[in-house]
Amino acid sequence: MRLPKFLTIAFGKAMVKALQLAGRDAGNFPGLVLWTLDRNCLRHFSADCPIIAVTGTNGKTSTTNFLNRIFSSLPGDKKIITNMQGNNLDTGICSLLLQHCDMSGKVHADYLVLETDESHVPVIYKHLKLETLVILNFFRDQLDRNGEVETLILKVKKFLETYDGNLVLNADDPNVARLGLANPKNKNVYYYNVEKYEGATAELYEAGEGRFCPRCGEALVYDYYQYSHIGKFHCPKCGFGNITPDVQMRDLDLDNSSFTFEGERYHTKHSGIYHMYNLAAVYTAAKLYNIDHKIIHDVFENFEVNNGRLEKFECGGSTLLLNLAKNPVGANMTLRLLNQDKGEKELLFVLNDNIADGCDVSWIWDINFSIFKGVTRVITSGTRAYDIAIRIKCSGYDPDKIFVYPELDKAVASLFSTAGNKYAVANYTAVQPTRAALRAYISEKEGK
Ligand SMILES: [Zn+2]
């Protein structure tokens, strides 16, 4: 059905109003209704400001939050519209626009900063004029929703063939770097990377994709891997790779979370190599908008994304680091951080198989648990607590040290029954319940 513009917007806004009056968050619902009535409903919207979108398998929410914070810090009370909570499908973005547009469908703001699901980039930006697209990485993720990663990359590539806006690409991911070739006429392609750091390896450390040349199919040769298939690569046959980045993060010191961009030293509260790649993407996008370096210093140093992405919790002298993992790469990154911590520690793994997680949990077999160092106990929880326990047992870990508590509050209580450092990994729908369970336990324990 193709509804006239006025009717679509009026009906959509009425739904948003009704939900707000009922004290409910508009969330995804109004967009979902409009989309059901008219799959091209996004054509009715426009914006009078630059639209910056962030996509890729891992790191979208953090990168979007950082960019939002940077644009929000600009002088003169700027209006930024963003979907920080990650409603990143066409229906979520449609709902967001409905909340902020006038009756003609026009959104008035200074910047729109939109986290966008990879498979929805072509759908959404067919209708909305995109000024800058940041692409972080492509890993295997939620297979039953997206199909194979290659299909996804080809979808984005097709969109990029006629796109001539700013394109910010990770030069160290062959799956992303190849997209710089999609439209040879686009002169606005910018690459970023991170200089080889001390944790880089000569051999592939974890399961990864993208080890074949996207141009000619030859096996890619890597000088080194930073993590998963991210690293310095080239094709011995056609020469693809060896990209000179426009922005490079240099002298990365992970122990002190500091690094250099263009001769200036920056600090961050976060750690982990993949977060550093996110910051390199943020810096490159900010550079396109000539953001004052003082703002970048301030945001990098002081801003923390407290949404279960490398979030720290303190309880009774123990520190817990929680990280979301929707796929093997995300989980392997947390295990890397756990191994960087030289002492003894315990791990909580919470695995759900709700629809938003993709019901297939077979990706846990691609997590490299055999690299565990100094892990004295593992606790598993979630609707698939037993599956993850079996997976860890099969990696050769001592089964007597694995404890299964499908109920989260029991798992958290057991975790904090001992002293020492803790790490927690939770998948998509598990991360918010895990945060809630941690907070509830800590506030009861510490009376906060
Ligand atoms: Zn090649």
Side-chain angles (χ1 to χ4, degrees), residues 54-59 118-119 121-122 133-141 143 146-197 199-250 273-274 276-278 280-281 284 327-329 332-333 363 366 368:
V54 178
T55 195
T57 312
N58 288 345
E118 306 85 278
S119 62
V121 166
L133 177 63
V134 179
I135 307 182
L136 302 169
N137 47 55
F138 283 106
F139 299 111
R140 227 181 77 172
D141 185 17
L143 287 184
N146 288 331
E148 290 291 337
V149 71
E150 182 63 19
T151 315
L152 197 58
I153 297 167
L154 291 177
K155 252 188 185 177
V156 177
K157 179 172 170 276
K158 181 125 188 48
F159 166 77
L160 292 177
E161 282 167 6
T162 52
Y163 171 76
D164 57 6
N166 296 323
L167 187 56
V168 174
L169 301 176
N170 181 352
D172 286 353
D173 182 346
N175 286 339
V176 174
R178 65 192 275 196
L179 296 173
L181 310 169
N183 178 6
K185 289 192 194 129
N186 188 356
K187 302 290 174 235
N188 306 305
V189 180
Y190 305 92
Y191 294 95
Y192 65 86
N193 82 349
V194 176
E195 193 182 38
K196 185 181 181 186
Y197 86 117
T201 51
E203 300 298 326
L204 190 65
Y205 186 79
E206 298 120 347
E209 296 85 27
R211 278 165 286 162
F212 295 93
C213 176
R215 273 215 306 229
C216 72
E218 184 77 9
L220 291 173
V221 174
Y222 275 77
D223 295 357
Y224 56 85
Y225 295 90
Q226 302 272 58
Y227 74 94
S228 189
H229 68 261
I230 309 294
K232 186 165 171 58
F233 61 87
H234 72 276
C235 170
K237 198 165 152 195
C238 77
F240 170 68
N242 271 336
I243 296 159
T244 306
D246 299 276
V247 168
Q248 185 175 51
M249 178 185 276
R250 295 198 171 140
I273 180 70
Y274 82 83
M276 300 305 161
Y277 272 87
N278 294 343
T284 311
N327 46 44
V329 179
N332 283 329
M333 286 318 304
W363 60 273
D366 289 333
N368 190 0

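In listed order, ligands and their atoms are each counted from 1. Heavy-atom basis, side chains included; hydrogens, waters and symmetry copies ignored. It should be emphasised that the depicted structure is a prediction, and the values quoted were computed from it without experimental measurement.
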In the shown structure, where waters are left out, how many protein N, O or S atoms lie under 2.8 Å from the Zn ion (ligand 1)?
4

Do M249 and Y277 come within less than 4.5 Å of each other through their side chains, counting heavy atoms only?
no

Side chain to side chain, D366 and F139, heavy atoms closer than 4.5 Å
no

Are side-chain heavy atoms of N166 and N188 found at a separation under 4.5 Å?
yes

D223 side chain reached by K196 side chain, heavy atoms, under 4.5 Å
no

What I'd like to find out is whether the side chain of E218 reaches to under 4.5 Å of the side chain of C238, using heavy atoms alone.
no

For residues K187 and D164, determine if any side-chain heavy atom of one lies less than 4.5 Å from a side-chain heavy atom of the other.
no

